[in-house]
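First the structure, in the form of structure tokens, and then the observations on it.
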Amino acid sequence: MKKTYSSIKLNELRQYFEISKRLQNILENEEILPFKTIEEYLNAGLSAKEELKKIPNLGEKSAKELEFLILKFIDGDFQIIKPKIGRAH
């Protein structure tokens, strides 16, 4: 079964985009997110960004970054990021 964008969890966006460290840390801590999926975020409408800004250490810039990434994902403007493999020293 193919996943639709609405069933994608917000923390899964890390697989598709390079994101700021602050936003990455927040998405890793899923229990503090007021929305778990893109669908829940979109259903919240105009209040979504305000709800996000209630999260400690997530300000206007990170809320805008997340919104931008969600819109890019919906538009299909992404590539799956391959994990960076470090070289042995």
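Quick note: residue numbers are just sequence positions, from 1.
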**Report entry** Pairs where residues 39-71 contributes a residue and the test ring-ring contact (aromatic ring centres under 6.0 Å, His included) is met, not counting sequence neighbours
**Finding:** Phe35-Tyr41

Query raised in the report: Going by heavy atoms in the side chains, are Thr37 and Ser7 under 4.5 Å from each other?
Result: no

**Report entry** Point-to-point distance, once rounded to the nearest 0.5 Å, from CG of Leu71 to CG of Leu42
**Finding:** 7.5 Å

Query raised in the report: Between the side chain of Glu51 and the main-chain N/O of Ser47, is any donor-acceptor distance below 3.5 Å?
Result: no

Query raised in the report: Looking at CD of Glu12 and CZ of Phe17, how far apart are the two atoms once the value is rounded to the nearest 0.5 Å?
Result: 12.5 Å

Query raised in the report: Can you tell me how far NZ of Lys72 sits from CD of Glu67, rounded to the nearest 0.5 angstrom?
Result: 14.0 Å

Query raised in the report: With distance as the sole test, does Arg22 use its side chain to make a donor-acceptor pair with the main-chain N or O of Asn57 at under 3.5 Å?
Result: yes

Report task. Quick one: pull up CG in Leu27 and CD1 in Ile55 and give me the separation to the nearest 0.5 Å. Result -> 8.5 Å

Report task. Kindly give the heavy-atom pair with the smallest separation between Ile26 and Pro56, and that separation in Å. Result -> CD1-O, 4.4 Å

Query raised in the report: For Glu31, which residues count as a side chain to side chain donor-acceptor pair (under 3.5 Å) partner, sequence neighbours excluded?
Result: none

Report task. Determine, step by step, whether Leu13 and Ile19 satisfy the side chain to side chain contact (heavy atoms under 4.5 Å, CB included) criterion, reporting the C-alpha distance in whole Å, the side-chain angles of both residues, the deciding distance to 0.1 Å, and the verdict. Result -> CA-CA 9 Å; Leu13 291 172; Ile19 61 176; 5.9 Å; no

Requested in this report: State whether the number of non-hydrogen atoms from other residues, nucleotides or ligands found under 6.0 Å of Lys36 atom NZ is greater than 12.
Outcome: yes

**Report entry** Enclosure of Lys53 NZ (heavy-atom neighbours >12, cutoff 6.0 Å)
**Finding:** yes

Query raised in the report: What distance separates Leu33 CG from Lys9 NZ, expressed to the nearest 0.5 Å?
Result: 10.5 Å

Report task. Ignoring hydrogens and angles, tell me if any N or O in the side chain of Glu65 forms a donor-acceptor pair with the backbone of Ser20 under 3.5 Å. Result -> yes

Query raised in the report: Roughly how far, to the nearest 0.5 Å, is the CG atom of Leu23 from the CD atom of Glu28?
Result: 10.0 Å

